[in-house]
Amino acid sequence: MEAPKFEVKELEQNFYEDNFAFIQKVSLECFEEFIRPEYQVSIKEIPQTENFDFDHWVCSISVKLGWCNIGLKLHYRSEVVRELVASRMKINAKTIPEKLIQDLVQEYLNLMMGKIKNKFGSDNTIVSLPTTKPTSDQEDPRIDMIDRNNLCWQVTWPDNCFYFACQINLETSIEQVQAELPEETEVNPGVLELF
Amino acid sequence: MAKILIVDDSVTTRIDLRKTLEEVNHDVIEAVDGEDAIKVYKQNKDVNLVICDYHMPKLNGLGAVEGIFSEAPNGQVPCLILTTESSAQLKQEGRKIGIRGWIIKPFEKKPLLDGVRMILEKEAKKAQE
């Protein structure tokens, strides 16, 4: 007998909520492991009633898992990341080229996507290389904040005037999730596996 | 100390790797993608170890390593893959072509340097036999 439609919607909603929570956690973990800040970072939810704040640059990465497509975007200002690079590499902020600023953000997104793929099973996936574009040139429509498969949040650090604005889009259906969700495998970053 | 070729399209990762390896006096050379790795190796066949990313423009890490093997005097150079990829299938492919090890990014200094040391010691022992 076919299940009532509202139950399917509830399952689907739970799937998005669980995975959004996981992905937000990943954005913090990767920030701490890779950027290695000397201060506490935290997540700030952006209420659905608020406009999402686009910044000067947007870095994007996507993965096709077969049963689910995932897109991650990170909006940022150069001067914010310049300070992060300077602090991380112990170099003078003024001498940092734009290329290094873009690269730090791209590698951060790359690490995030790696952890997300590890959770969802990563065989036979198609992953894009991260790309960075000026936000104004993208004519990227503001996402519909009431779509249940989109979420925006900020990774912020002290004084709250610096942040990365993250945007995730998960495209799947509960039928696909129930049919194809692979078992999670244990992954140990940084550990050398010798063959 | 060894001559190590690091291959990664991320300049941040190349800087991190160079710093880590130079701290223990290794001689580091760089390539920025898979095709560049083969080109750089052709000009530096005395490389003792290659540390290579998987996802890169032009040619992926396993393709780059196969290209390097085809240029190597005895068809082999010790290679490690350093990547965000944890796919069992890819690791298996790597094993088949002769990759020596796999590290999931982000790397940590100690396990990386321990692994590098172990592989280089093993190579040195082989050369003595």
Side-chain angles (χ1 to χ4, degrees), chain A residues 26 29-36 59 61 63 65 81 84-85 88-91 96-131 182-195, chain B residues 8-20 32-34 51 53-60 65 78-119 121-122:
Chain A
V26 162
E29 271 176 17
C30 288
F31 198 97
E32 285 165 354
E33 289 169 5
F34 179 61
I35 313 272
R36 302 192 289 267
C59 180
I61 189 169
V63 62
L65 298 168
V81 182
L84 287 179
V85 176
R88 182 183 187 275
M89 293 186 171
K90 315 272 182 253
I91 51 177
I96 298 167
E98 192 64 35
K99 197 180 166 205
L100 194 54
I101 291 170
Q102 289 190 1
D103 185 81
L104 185 92
V105 176
Q106 289 180 345
E107 194 64 355
Y108 170 65
L109 268 197
N110 191 29
L111 292 173
M112 272 181 74
M113 194 54 100
K115 289 201 179 200
I116 294 166
K117 275 192 302 159
N118 294 341
K119 176 182 166 68
F120 289 147
S122 61
D123 286 340
N124 300 317
T125 59
I126 302 170
V127 194
S128 74
L129 290 169
T131 52
E183 272 184 35
E184 203 172 323
T185 50
E186 197 186 338
V187 172
N188 298 309
V191 176
L192 171 65
E193 188 181 338
L194 283 172
F195 297 157
Chain B
D8 202 303
D9 56 323
S10 163
V11 62
T12 308
T13 301
R14 292 201 307 273
I15 291 171
D16 287 349
L17 276 173
R18 175 181 281 278
K19 214 170 148 191
T20 302
V32 298
D33 60 49
I51 302 177
D53 186 16
Y54 178 75
H55 287 292
M56 290 183 293
K58 298 181 186 171
L59 187 63
N60 70 36
V65 168
C79 289
L80 287 177
I81 296 287
L82 173 66
T83 175
T84 57
E85 274 292 346
S86 62
S87 154
Q89 192 181 309
L90 273 183
K91 284 185 195 172
Q92 186 56 30
E93 276 177 44
R95 209 175 266 149
K96 266 188 201 162
I97 66 166
I99 297 287
R100 300 292 176 82
W102 200 279
I103 310 177
I104 311 278
K105 284 181 180 178
F107 76 89
E108 284 171 32
K109 274 186 189 180
K110 194 178 177 308
L112 178 87
L113 291 175
D114 285 350
V116 165
R117 187 179 40 77
M118 276 160 63
I119 290 171
E121 280 174 3
K122 209 171 163 184

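The sequence lines fix the lettering, A, B, ..., with proteins before strands; numbering per chain opens at 1.
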**Student:** Which pair of heavy atoms, one from A:Leu111 and one from B:Pro106, lies closest together, and at what distance?
**Tutor:** CD2-N, 3.8 Å

**Student:** Applying side-chain hydrogen bond (donor to acceptor under 3.5 Å, both in side chains) between B:Tyr54 and each of B:Thr84, B:Thr83, B:Asn60, report the one that passes.
**Tutor:** B:Asn60

**Student:** Does the side chain of B:Ile99 come within less than 4.5 Å of B:Val65's, by heavy atoms?
**Tutor:** yes

**Student:** Are the side chains of B:Leu17 and B:Leu112 in touch, meaning some heavy atoms are under 4.5 Å apart?
**Tutor:** yes

**Student:** What part of A:Leu194 lies closer than 4.5 angstrom to a heavy atom of chain B: side chain, backbone, both or neither?
**Tutor:** both

**Student:** With rounding to the nearest 0.5 Å, note down the distance linking CD in A:Glu107 to SG in A:Cys30.
**Tutor:** 10.0 Å

**Student:** Highest number of heavy-atom pairs under 4.5 Å with chain B: which of A:Gln102, A:Met89, A:Glu33?
**Tutor:** A:Met89

**Student:** Hey, which of B:Lys19, B:Glu108, B:Lys105, B:Lys109 has the most heavy atom pairs under 4.5 Å with chain A?
**Tutor:** B:Lys105

**Student:** Counting only non-hydrogen atoms closer than 4.5 Å, does B:Asp9 touch chain A with its backbone (N, CA, C, O), its side chain (CB onward), both, or neither?
**Tutor:** both

**Student:** Of all of B:Leu80, B:Ile119, B:Asp16, B:Thr13, which one pairs up most often with chain A through heavy atoms under 4.5 Å apart?
**Tutor:** B:Asp16

**Student:** Under a 4.5 Å heavy-atom cut-off, does chain A meet the side chain of B:Lys110, its backbone, both or neither?
**Tutor:** neither

**Student:** Once you measure the plane-to-plane angle for A:Phe195 and B:Trp102, does it fall in the parallel (<30°), tilted (30-60°) or perpendicular (>60°) bin?
**Tutor:** tilted

**Student:** Which atoms of A:Gln106 come close to chain B, meaning under 4.5 Å heavy atom to heavy atom: side chain ones, backbone ones, both, or neither?
**Tutor:** neither

**Student:** Is any side-chain N of the basic residue among B:Glu85 and B:Lys91 closer than 4.0 Å to the acidic one's carboxylate O?
**Tutor:** no

**Student:** Could you check which of B:Ile15, B:Ile81, B:Asp114, B:Asp8 has the highest count of heavy-atom pairs closer than 4.5 Å to chain A?
**Tutor:** B:Ile15

**Student:** Is chain A contacted by the side chain of B:Arg95, its backbone, both, or neither, given a heavy-atom distance below 4.5 Å?
**Tutor:** both

**Student:** If we define contacts as heavy-atom pairs under 4.5 Å, which of A:Asp103, A:Asn110, A:Val85, A:Leu192 has the most with chain B?
**Tutor:** A:Asp103

**Student:** With a 4.5 angstrom heavy-atom cut-off, could you sort out which part of B:Met118 is near chain A: side chain, backbone, both or neither?
**Tutor:** side chain

**Student:** Would you give the length of the straight line joining atom CG of A:Leu109 to atom CE of A:Met112, rounded to the nearest 0.5 angstrom?
**Tutor:** 6.5 Å

**Student:** I'd like to verify something: which residue of A:Arg88, A:Lys115, A:Met113 has the highest number of heavy-atom pairs under 4.5 Å with chain B?
**Tutor:** A:Arg88

